[in-house]
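Report on the following structure.
Please read these numbers as outputs of a predicted model, since none were measured by experiment. All values below were derived from every heavy atom in this structure, side-chain atoms included, with hydrogens, water molecules and symmetry-related copies excluded. Chain naming here is simple, since letters A, B, ... match the order of the sequence lines and numbering starts at 1 in each.
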Amino acid sequence: MRIRARFTKVGKVRFTSHRDVARMWERALRRGRMPVSYTAGFTPRPQLSFGLALPTGCESIAEYLDIALDEPVGPSDLARAVGSMLPDGVDVVAAGILEPGTNSLQEDVSSCLWEIEVPGVVPEDLDVAIERALGADSLPIQRERKGRNVVDDLRPSVLALSCAGSDVDGARLLAELGTRPRGVRPSELAQALGVELGLARRTCQWIERDGSRWEPLMADPAGTAVIWERAS
Amino acid sequence: MTSLWPRIEPLLAQVTKPARYIGGELGAQRPVHGPERVAWLLLYPDTYEIGLPNQGLQILYEILNERPDAVAERAYAPWTDMEAAMRAASVPLFSLEGCVAAGEFDVLAFNLSAELTYTNVLNLVDLAGVPVHSADRDVSHPLVVAGGHCAFNPEPLADFVDAFVLGDGEEAVGDLTEVIGSWRASGAQRRDDLLEALTSVPGVYVPSCYEPSYEKGRLTGVRPRWAGVPERVEKRTIADLGEWPYPKQQLVPLIEVVHDRLNVEVFRGCTRGCRFCQAGMITRPVRERPAEQVDQMVRDGLDRTGYDEVTLTSLSSADFSGIGDVVSSIINDPECSGQVSVSLPSLRVDAFTVGLAAEIQKVRRTGLTFAPEGGTWRMRQVINKLIREEDLYAAVDAAFSQGWRRVKLYFLIGLPTETDEDVLGITRLAGACAEIGRRYHHNVTVTASVGGFVPKAHTPFQWFGQNTMEELRRKVGMLKDAARGTRGLTLRWHDPEATTVEGLVSRGDRRMGAVIEHVWRNGGTFQEWSEHFDLGLWTSGLEAVGLDFADTVYRHRDEHEVLPWDHVSAGLHRDFLWQDFQEALAEHGLEDCRWTPCYDCGACTGLGVEHMVASAVAPAGGSQGTGQDLATGGAVPVRFLETAGAALASGPSGEQLP
């Protein structure tokens with residue numbers, strides 16, 4: 001069976017990398033004695049699959065992973081057993097059983113919602129930058145890929161931008177960014193907008209299906225998560 | 001204590017691997033500081049990834065935090081980008097646990113594991129906002145102390161470190177805490193009072209209480225400045241490792257570090273007597289941990305940490321009396337369900353050990369490493385690494401036949417009496433191992449990893465003149481040529497420039513401090529890292545001070561020359577070391593003294609501590625002085641002490657050895 005868990009990455013722990021988070025989960029699952037499935041062969045690895053990598057330094061309240069298990073485990077039992085084994089700032093907020101045949105997070109997630117602090121800018125100026133970006137035909141950006149510098153256009157991946165008012169020392173930007181063919185990092189968006197990047201927090205990951213949008217797993221305070229519940 | 005976090009956080013967005021600076025490890029403590037508590041900041045003078053796994057530091061961290069009169073936090077050397085960001089923002093060195101400024105601690109305690117990190121020690125003291133020279137510190141500054149293997153030649157850092165702790169730290173940190181605590185309780189009027197009080201703590205060396213003297217550019221002695229200061233400082237030794245089951249809560253970092261697995265120390269000390277090995281000499285006698293305790297520590301540790309790999313650490317873990325039982329108990333534990341792997345560092349070279357390795361590496365059979373160290377039998381007798389060619393081939397054969405495809409062999413070049421034939425023996429031996437591998441697999445790799453030999457303090461080779469940089473380069477070149485035509489052989493070598501500088505600092509006297517300071521002041525931090533190592537800085541530092549490589553590194557010392565570390569003792573008799581050096585030059589081996597009569601090296605008798613081994617008989621299959629294979633002779637039988645005579649041998653560059 002497979003269980004999907006939704007978790008946070010906030011506070012100091014946000015400075016760890018995607019790989020570090022994977023290792024934290026591996027150890028937490030072992031310490032929580034969860035019957036995780038292992039790959040066969042000389043180097044058996046626990047079968048965990050994470051969704052889109054969260055850039056180091058960014059926070060998130062909507063991270064996901066799928067865990068393959070050899071024996072049935074209740075999602076809330078897993079969340080409870082593992083939750084206390086994870087470092088401060090990494091909290092399991094929901095868990096649910098995946099239907100057999102469910103696509104991987106990598107295959108399904110098509111966009112992410114971000115809340116980004118933009119220091120040193122008043123909301124009016126941010127609005128101007130947003131308007132300019134949304135009106136542009138292309139937003140070229142330099143990237144390094146396989147050791148070569150390439151120019152990518154961010155514009156098709158910028159699905160929505162808005163200013164959510166002022167922040168402690170600047171403005172707050174809301175952005176929905178597409179993940180295909182490759183995800184856009186908040187730092188790249190800030191570069192394209194010509195603004196500084198403060199703390200960025202992923203608040204949502206979306207799956208497009210049958211013309212509507214779904215979250216991979218609803219965060220549910222009651223602890224009983226239901227997969228594929230309508231998100232909005 | 002104020003947390004500097006609000007000032008640190010903005011810096012982390014600008015630096016590589018920011019998680020190096022956030023702490024938060026499983027096992028990390030949040031000690032509560034208080035006026036009745038001596039606050040220690042434990043420092044490792046290299047990056048977080050290198051320093052975090054250090055067992056010595058972790059042991060002391062726990063022991064100190066268990067005391068009602070102490071707290072301990074940790075810090076590591078910030079990488080160059082973080083250092084620049086900190087200096088630009090005027091953020092001082094801080095502790096990982098509470099983000100407390102280093103200058104607010106009572107003690108800055110350094111672990112010294114490698115000489116090339118010394119410039120980082122100065123840098124960290126400076127980043128703490130503390131004067132780098134001991135003489136410039138006053139009562140408002142923390143006490144700077146240092147321990148670890150390199151402390152056995154404390155002189156190069158004598159101007160910068162207030163007190164060194166020699167030997168095992170478990171008990172010494174408690175004594176230091178008490179002395180500092182009572183100095184504080186009595187008003188902490190004069191720093192000199194504290195330093196003087198520290199000279200009476202066994203194992204503590206306070207360099208400012210000693211005066212070096214020189215004649216014609218050579219050291220003639222390091223003597224106490226006043227009465228009551230011991231002439232010679234003896235190292236500390238804990239008698240029973242079983243009383244110190246630490247670390248109980250090994251730190252599990254959030255990011256990947258070296259040795260990223262559970263580590264359980266199975267014994268301390270080593271009596272194999274490899275003559276080049278400083279660790280084996282200065283940590284005597286052998287003290288084994290009871291097998292049941294090892295078992296318990298492994299079980300608890302795996303449970304607590306979630307690691308799937310455990311290393312049984314020591315200087316030669318296959319020699320541990322209870323090794324077979326411990327290993328099978330871990331492997332066959334149903335709780336581990338075949339997903340836990342065990343590794344033994346420093347594998348002994350014999351088939352028994354490979355069998356053991358086969359048992360424990362059921363899970364991940366990647367590569368095996370052996371350390372023959374010398375390319376010829378003659379060379380190995382000189383260094384007392386008594387591995388016969390047959391032993392190595394049998395071990396390698398066993399490894400390849402049992403599924404391994406990669407074998408790594410460690411060698412040293414620049415050893416005493418070494419000839420070109422000995423050097424070329426390395427590629428010949430490694431090539432033969434690759435050939436054995438091809439009997440079993442189409443594709444095998446044998447890696448010969450070659451380091452330049454650096455003579456170290458308190459070893460039989462402490463008198464030996466290190467090979468010159470050019471000589472080491474020539475030998476590496478010879479090996480490169482020889483390896484080129486050898487199928488399946490990969491050659492790796494250590495940079496002769498770094499080896500030379502390591503030699504410079506290892507045996508330096510107090511004058512070396514000025515060289516280290518010169519390198520540091522000119523930006524020479526992280527000298528352990530090839531991308532930062534800068535020979536030019538060391539050369540100009542030597543020039544500025546009026547020293548040179550020829551006299552400090554390449555020169556053979558004679559029997560009666562005063563050595564910079566003669567006033568500190570690792571328990572070894574100087575005449576034992578000299579005698580053993582002569583045996584080496586005469587190509588005489590020396591048996592492991594655990595199961596043979598005592599050679600009176602001084603470690604047991606002087607310290608009143610005995611070898612603590614669980615078994616009265618040597619472990620099965622031992623090849624070094626443990627009786628079995630050597631008794632059968634082999635192609636060239638080993639000669640032992642009774643035939644010894646003081647023979648002279650020719651040095652590597654044609655010089656006459658003392």
### Query
Between Arg439(B) and Asp397(B), does at least one N-O distance fall below 4.0 Å, as a salt bridge requires?
yes

### Segment of Val21(A) engaging chain B (4.5 angstrom heavy-atom cut-off)
neither

### Task
With Arg30(A) as the cation and Tyr307(B) as the aromatic partner, state whether NZ or CZ is under 6.0 Å from the six-membered ring centre and within 45° of the axis.
no

### Task
Sort Pro10(B) into side chain, backbone, both or neither according to what part of it lies under 4.5 angstrom from a heavy atom of chain A.
neither

### Message
Ring centres under 6.0 Å, that's the criterion: do Trp79(B) and Phe526(B) meet it?
### Response
yes

### Query
Does any heavy atom of chain A fall under 4.5 Å from the side chain of Arg20(B), the backbone, both, or neither of them?
neither

## Note on the structure
Honestly, the part of Ile255(B) sitting under 4.5 Å from a heavy atom of chain A is both

### Task
Can you tell which part of Thr56(A) gets under 4.5 Å to a heavy atom of chain B, answering side chain, backbone, both or neither?
side chain

#### Entry: Asp70(A) and Tyr38(A) side chains, donor-acceptor separation under 3.5 Å
no

### Sole residue of Arg4(A), Arg14(A), Arg201(A), Arg202(A) in salt bridge (charged side-chain N to carboxylate O under 4.0 Å, His left out) with Glu63(A)
Arg202(A)

### Query
Side chain, backbone, both or neither: which part of Glu9(B) has a heavy atom under 4.5 Å from chain A?
both

